[in-house]
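Note sheet for the following structure.
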Amino acid sequence: MSTTASDPLAALGSLPGVPDAVDSVRMSVDRVYGHRVMRRRSNEVTAEAALRGSRGSAALSGADWNLEEVRRRTDFSGEEEARVVGAALRLTAEAGQLLSIWRQSPLRVLARLHLVAAGGATPDDAVGRPRLAGEPVDEPLIEAPLPGAEEVAGRLEGLSRLIIAGGSAPALVTAAVVHGELLALRPFGSHNGLVARTAERIVLIGSGLDPKSICPAEVGHAEQGRAAYVAAFEGYTTGTPEGMAAWIAHCGRSVELGVRESTAVCEALQRGAA
């Protein structure tokens, strides 16, 4: 992430195409929040969105399970894919508990997310802290060059300062940058994709764009496919206006697809079919 504006996130919000993406996302979110089911059964929609978002995030990390299998399974301690799905479910459940901490100490939240994702599967001394020089990273989907530990520390600190300072950037822009930066840095030895997507969720909820957490961007990222996800992320890593705008637009489309999913849930609840 690189820009010289005094409010760099706000500056990204003015890139060509980004205002349209922001407006489209806002209108989409407003429509699902206006659904009549949300007046009476919003907790059920939230719970279903959490499940579907977890499934989508796990799919991008290599565990592309059927939704009903995720719903049915109770033991996620077995094979690698099961552990990935379990980590995604734990992270989604944890996200709502960390909103009050995020704006004061985002690095503390990221450490907690990694701890939750690892769930005892990683050696204790590597859990919940940025990787040290020479430590390996297990993130098979992302093949971009891996920044060194010193660069990771500096950029994490810069990201933290931006979040704490706040600013006028739209929620979509902030969420996309947090997501993209964490993917680019891969600050932990494992589970970086899951953590990055959970951090995106936290920003969308905490910003007030999606306060009830019913618009799972993870669903949209998975629906657009791993190849599209990686291609859009590669645009982010270029740091060019075009690449950044394409990544933000991709994240916006993912939110809209998440909205579509939750709208279908609302319709099913209204019909009494779910």
Side-chain angles (χ1 to χ4, degrees), residues 1-3 5-15 18-19 21-22 25-26 29-30 33 42 46 49-50 53-54 57 88 90-118 127-130 152-188 191-218 221 236 244 247-248 251-252 254-255 258-259:
M1 179 182 61
S2 62
T3 175
S6 57
D7 187 349
L9 296 182
L12 293 176
S14 65
L15 291 175
V18 172
V22 168
V25 165
R26 168 52 71 186
V29 171
D30 286 348
Y33 269 85
S42 64
T46 296
S54 298
S57 190
R90 291 192 301 273
L91 285 169
T92 300
E94 188 76 7
Q97 311 302 314
L98 299 171
L99 295 174
S100 63
I101 305 172
W102 176 254
R103 284 298 299 271
Q104 284 74 44
S105 184
L107 298 185
R108 180 180 163 195
V109 169
L110 293 175
R112 173 63 185 171
L113 291 177
H114 186 244
L115 180 68
V116 169
V127 172
R129 63 157 174 78
V152 168
R155 287 172 63 177
L156 279 178
E157 184 60 36
L159 183 64
S160 177
R161 286 196 299 269
L162 284 176
I163 293 166
I164 293 170
S168 60
L172 172 64
V173 172
T174 303
V177 168
V178 167
H179 184 169
E181 193 71 355
L182 292 175
L183 278 185
L185 296 178
R186 282 147 287 163
F188 304 109
H191 302 98
N192 289 289
L194 293 173
V195 168
R197 291 184 288 276
T198 305
E200 178 185 48
R201 171 184 284 266
I202 289 172
V203 173
L204 294 172
I205 299 169
S207 67
L209 177 64
D210 181 23
K212 294 184 182 293
S213 192
I214 62 166
C215 307
E218 305 96 322
H221 287 304
Y236 176 87
M244 297 291 286
W247 170 247
I248 294 168
C251 291
S254 295
V255 174
V259 167

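Between the side chain of Arg155 and the main chain of Val152, no donor-acceptor pair closer than 3.5 Å is present.
Judged as a side-chain hydrogen bond (donor to acceptor under 3.5 Å, both in side chains), and not counting sequence neighbours, the contacts of Thr92 are Ser54. With sequence neighbours excluded, no residue forms a side-chain hydrogen bond (donor to acceptor under 3.5 Å, both in side chains) with Thr198. Scanning for side chain to side chain contact (heavy atoms under 4.5 Å, CB included) contacts around Ser42 gives Met38, Lys212, with sequence neighbours left out. Legend: residues meeting side chain to side chain contact (heavy atoms under 4.5 Å, CB included) with Pro170, ordered by chain and number and at least two apart, are Val22, Val173. Every residue was checked against the side chain to side chain contact (heavy atoms under 4.5 Å, CB included) condition with Ser100, not counting sequence neighbours, and none meets it. Take Arg201 and apply the side-chain hydrogen bond (donor to acceptor under 3.5 Å, both in side chains) test, not counting sequence neighbours, and it matches Ser213, Glu218. Contacts of Ala176 classified as side chain to side chain contact (heavy atoms under 4.5 Å, CB included), with partners at least two apart in sequence or in another chain: Trp247, Ile248, Cys251. Take Asp210 and apply the side-chain hydrogen bond (donor to acceptor under 3.5 Å, both in side chains) test, not counting sequence neighbours, and it matches Tyr33.
The side-chain heavy atoms of Val25 and Leu209, taken from C-beta on, include a pair separated by under 4.5 Å.
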Could you list the donor-acceptor pairs under 3.5 angstrom formed by side chains in residues 102-113, with sequence neighbours left out?
unit_1, atom_1, unit_2, atom_2, d
Arg103, NE, Ile163, O, 3.1
Arg112, NE, Glu94, OE2, 2.8
Arg112, NH2, Glu94, OE2, 3.3

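Ring pair His221/His179 is perpendicular by interplanar angle, where above 60° counts as perpendicular and below 30° as parallel.
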Apply side-chain contact (heavy atoms from CB on, under 4.5 Å) to the pair Ile202 and Leu99, showing each step before the final yes or no.
CA-CA 7 Å; Ile202 289 172; Leu99 295 174; 3.8 Å; yes

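Counting only residues at least two apart or on different chains, no salt bridge (Lys or Arg N to Asp or Glu O under 4.0 Å) pair has a member in residues 163-173.
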